[in-house]
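To start, the structure under review is shown below, and the notes come after it.
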Amino acid sequence: MKKIAVCGAGIGGLACAVILSAKGYEVEIFEKNRTFGGKMSEYRRDGYRFDTGPSLITMPDVFKDFFREAGKKFEDYAELTELDVSCRYFWSDCTVFNSYGKKERLSAELTDVFGESEKDSFFRYLEYGKLFYELSKDNFLGSEFSIRNYLTMDGIKNLSKFISGRSMNDLSNKFFRNGKLRQLMNRFATYSGSTPYLNPQFFSIIPFVEYNFGSYYVKGGIYKIAESLVSLCQEFNVKFHYGYELEGIKSREDRIVALDFKTTAYGSINTDNFDIIVSNFTNSRELVYKDYFENDDWSCSGFIMLLGVDFQSEDLSHHNVLFSENYENEFLDIFERKIPAEDMTVYISVSNKEEKIDAPPGCDNWFVLVNAPFLNDKFKWDEKTKKSYCSKILDRIDSFNLTDRGSIRDRIKFCEIFTPEDIRQKYNSEFGSIYGLSSNTLYTLLKRPKNKSERYSNLYFTGGNTHPGGGVPLCILSGKIVSDMIIKSSI
Ligand SMILES: Cc1cc2nc3c(=O)[nH]c(=O)nc-3n(C[C@H](O)[C@H](O)[C@H](O)COP(=O)(O)OP(=O)(O)OC[C@H]3O[C@@H](n4cnc5c(N)ncnc54)[C@H](O)[C@@H]3O)c2cc1C
């Protein structure tokens, strides 16, 4: 049986290793960090626990189907809890909107907050997103990327919708009169690290998926998903090597024949006898075609603050968004001016709303995330800019009066900050971006590295920077697609 080296123990790498090892391949994983999960990571301090990457899970069937494919039951490894309120949205004029999971409650809330006709438009919008989902679920999400997959009767009939040039924001303008509802629906572009003012309208798949299949939390924390993939790997005898950073390769003609790792680990491992290499990262000029790095339209990064606070906010739900005043200007700051937005939208996830043990009694664990530009020459993160941006975000939070008792600053027991520079260093991601190249245009979408390398015949790519895209469920699908391709090529 062929020997496979998977470089990177993020979700895509782990998923690929699971399926290949379950089918009898000999798999070894080389991970630069001391632990697995990549961007799916957790942090513990003083009785608080935080998921520091993904906080919301959608597309539950992806996980169930994946475990079934490996001959296992997802429920034996992790438990998904559907959220009553997928997100609570706040505007500075005190408008609050609860995005309920159940259709009847959602419908009533839409009518209460935005009015009857906007409610109808909302469901019509979702139907529009459903069209893209139906056309993509097998052709795109479930298989290797190929334009040919769309050349079905339905695909051709709807081709103009895919290439129309209409952005998510154009679509919101078409459906909604209410500016707040437009802002809310535009926010889904950020799930792919993009701006709604450019992101093509077929990304309306994202709100469709969230509202149709629900939003979930994983009992014990989102990190349980990474742990459950590692458990599967261990059951199938995958070997893990931590502290191994791929630095270079040796190639002969179009094949990689040896891997060079920088490592601090003791002992030596033979790294030149692998038949196939799977890379879970795309930040390597040796592996990915050179033009890739000449692009200047990377997905956004994030400025993260982990706040251990000494009170429980009645106002906050598990997931919360405090919207900026001028959404378009915020995205111009992030993607055009490439500076942190002054008027920023703040996302706050409080997992102890679901999981009491994630914070000490009477306290909350606030995971605060603000979209930030990818690393560039116009702005540098250092101690001063980091503290100053943290302070601006706290001012912004204060303006929403979420404490009842003055400034949030007085309620913080500790604050850990991670900047785009930390994201770049920790996960080796291109310019600190969360999803590699942005999905802002059809051009950048087509420029993303394919699952099978165009340079080396025995190299594959998996994970959020490649097909079918970012986010935990899509990374699982990516691992599955790549393992299917390898299995097919070995027959
Ligand atoms: C702040 C934040 C919030 C997010 N929120 C959500 C959310 O709510 N819901 C959701 O679904 N998704 C969310 N995501 C996205 C999701 O986390 C990612 O899409 C997904 O986890 C990425 O998985 P991946 O397979 O691409 O691997 P990555 O997580 O990118 O992991 C790649 C691995 O490769 C390793 N590596 C890199 N270079 C080398 C090398 N040279 N040698 C060896 N190893 C190497 C890295 O250390 C890392 O472990 C969020 C991400 C972030 C950062």
Side-chain angles (χ1 to χ4, degrees), residues 5-17 29-41 50-59 62-63 86-87 190-193 206 209-210 215-218 222-223 225-226 229 240-249 259-263 271 277-287 299-306 318-319 347 349 351 367-372 418-420 422-430 432-436 449 461-479 482:
V6 175
C7 299
I11 298 303
L14 291 171
C16 191
I29 297 186
F30 297 88
E31 164 57 51
K32 86 173 181 59
N33 291 333
R34 289 273 158 209
T35 186
F36 55 84
K39 293 176 193 117
M40 183 182 284
S41 166
F50 302 83
D51 283 303
T52 62
S55 51
L56 183 89
I57 294 296
T58 54
M59 304 174 85
V62 166
F63 300 92
S86 67
C87 189
T190 65
Y191 282 31
S192 67
I206 301 174
V209 162
E210 183 163 312
S215 302
Y216 294 80
Y217 174 68
V218 188
I222 302 284
Y223 194 58
I225 289 186
L229 292 175
F240 282 84
H241 307 286
Y242 293 110
Y244 276 78
E245 178 164 6
L246 187 74
E247 272 206 317
I249 53 159
L259 302 172
D260 294 327
F261 290 97
K262 180 169 84 182
T263 180
T271 58
I277 321 300
V278 178
S279 177
N280 190 196
F281 61 95
T282 46
N283 193 8
S284 160
R285 283 169 204 266
E286 276 204 77
L287 299 185
S299 55
C300 66
S301 187
F303 185 89
I304 297 165
M305 300 181 341
L306 307 180
H318 185 153
H319 301 280
Y347 167 75
S349 170
S351 71
F367 166 81
V368 178
L369 173 64
V370 170
N371 291 319
F418 301 94
T419 69
D422 297 312
I423 292 181
R424 184 186 69 76
Q425 281 180 24
K426 195 162 174 213
Y427 312 116
N428 193 14
S429 72
E430 295 86 313
S433 65
I434 295 181
Y435 302 106
F461 294 102
T462 184
N465 296 8
T466 175
H467 176 76
V472 181
L474 265 54
C475 290
I476 296 266
L477 290 174
S478 180
V482 169

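Note that ligands are numbered from 1 as they come in the structure, with each ligand's atoms numbered from 1 the same way. Given the structure is predicted, the values throughout are model-derived calculations rather than measurements.
Taking all atoms of both residues into account, the shortest heavy-atom contact from Ser215 to Glu210 is OG-CG, 3.4 Å. Residues Ser55 and Phe367 come closest through the heavy atom pair OG-CE2, 4.5 Å. Looking at every heavy atom in both residues, Leu229 comes nearest to Ala15 through CD1-N, 4.4 Å.
Put simply, no part of Tyr191 is less than 4.0 Å from ligand 1, judged by heavy atoms. Residue-ligand proximity: Gly53 is placed with a non-hydrogen atom under 4.0 Å from ligand 1. Remark: distances from the non-hydrogen atoms of Glu247 to ligand 1 are all 4.0 Å or more. At least one heavy atom of Pro473 sits closer than 4.0 Å to an atom of ligand 1. Under a 4.0 angstrom heavy-atom cut-off, Tyr244 registers as being in contact with ligand 1.
At the shortest separation from atom 15 (C) of ligand 1 among protein heavy atoms lies Tyr435 OH, 3.3 Å. Annotation: atom 44 (N) of ligand 1 to nearest protein heavy atom, Lys32 N, 3.2 Å. The nearest heavy-atom contact from the protein to atom 35 (C) of ligand 1 is Glu31 OE1, 3.3 Å. Counting protein heavy atoms only, atom 42 (N) of ligand 1 is closest to Leu246 N, 2.8 Å. The nearest heavy-atom contact from the protein to atom 51 (C) of ligand 1 is Ile434 CG2, 3.6 Å. In terms of protein heavy-atom proximity, atom 29 (O) of ligand 1 is nearest to Lys39 N, 2.7 Å. Taking atom 1 (C) of ligand 1 as the reference point, the nearest protein heavy-atom neighbour is Ile304 CD1, 3.6 Å. Nearest non-hydrogen protein atom to atom 18 (C) of ligand 1 is Gly471 N, 4.1 Å.
Geometrically, ligand 1 and Asn428 share a nitrogen or oxygen pair separated by less than 3.5 Å. In terms of N/O distances under 3.5 Å, ligand 1 is not approached by Asn465. Ligand 1 has a nitrogen or oxygen under 3.5 angstrom from a nitrogen or oxygen of Leu56. Residue Glu245 has no N or O atom closer than 3.5 Å to an N or O atom of ligand 1.
In this structure Thr462 satisfies the side chain to side chain donor-acceptor pair (under 3.5 Å) test together with Ser478, sequence neighbours excluded. Contacts of Ser41 classified as side chain to side chain contact (heavy atoms under 4.5 Å, CB included), with partners at least two apart in sequence or in another chain: Thr52, Lys426, Tyr427.
The distance between the ring centers of Phe30 and Phe261 falls below 6.0 angstrom. For Phe36 and Tyr223, the ring centers sit closer than 6.0 Å to each other.
The heavy atom nearest to atom 7 (C) of ligand 1, considering only Ser284, Gly436, Gly12, Pro54, is found in Pro54. Of all the listed residues (Val472, Leu474, Ile57), Val472 holds the heavy atom that lies closest to atom 11 (O) of ligand 1.
With Cys16 as reference, Val278 is the one residue of Ile476, Val278, Ile11, Asn280 to meet the side-chain contact (heavy atoms from CB on, under 4.5 Å) rule.
Listed by number with element, the atoms of ligand 1 under 4.0 angstrom from any heavy atom of Phe30 are 43 (C), 44 (N). Counting the atoms of ligand 1 from 1 in the order shown, those under 4.0 Å from a heavy atom of Asn33 are 47 (O). Within the listing of ligand 1, atoms 19 (O), 20 (C), 22 (C), 23 (O), 24 (P), 25 (O), 26 (O) sit less than 4.0 angstrom from a heavy atom of Cys475. Near Gly464, meaning under 4.0 Å from any of its heavy atoms, are these atoms of ligand 1: 24 (P), 26 (O). The contact set between ligand 1 and Gly10, taken as ligand atoms under 4.0 Å from a residue heavy atom, comprises 25 (O), 27 (O), 31 (O), 33 (C). Listed by number with element, the atoms of ligand 1 under 4.0 Å from a non-hydrogen atom of Lys426 are 47 (O). Atoms of ligand 1 found under 4.0 Å from any heavy atom of Gly8, numbered from 1 in the order shown, are 33 (C), 34 (O), 35 (C), 44 (N). Less than 4.0 angstrom separates some heavy atom of Gly38 from each of these atoms of ligand 1: 29 (O), 31 (O), 48 (C), 49 (O).
Using a 4.5 Å cut-off on side-chain heavy atoms (C-beta onward), Thr466 and Val482 make no contact. Put simply, the side chain of Leu474 reaches to within 4.5 Å of the side chain of Met59, judged on heavy atoms. Put simply, the side chain of Leu369 does not reach to within 4.5 Å of the side chain of Phe418, judged on heavy atoms. A heavy-atom distance below 4.5 Å is not found between the side chains of Ile206 and Thr58. Annotation: side chain of Ile57 is not in contact with side chain of Tyr217 (no heavy-atom distance under 4.5 Å).
With hydrogens and angles ignored, the 3.5 Å screen pairs no side-chain donor or acceptor of Ser349 with any backbone N or O of His319. Within the 3.5 Å criterion, the main-chain N or O of Gly193 finds no donor-acceptor partner in the side chain of Ser299. In this structure, the side chain of Asn465 does not engage the main chain of Thr282 through any donor-acceptor pair within 3.5 Å.
Looking at Thr190 and Tyr347, their side chains never bring a donor and an acceptor atom within 3.5 Å of each other.
For Asn283, no heavy-atom contact with ligand 1 is shorter than 4.0 Å. For Asn280, heavy-atom contacts with ligand 1 shorter than 4.0 Å involve the backbone as well as the side chain. Contacts between Tyr427 and ligand 1, counted as non-hydrogen atom pairs separated by less than 4.0 Å, involve the backbone only.
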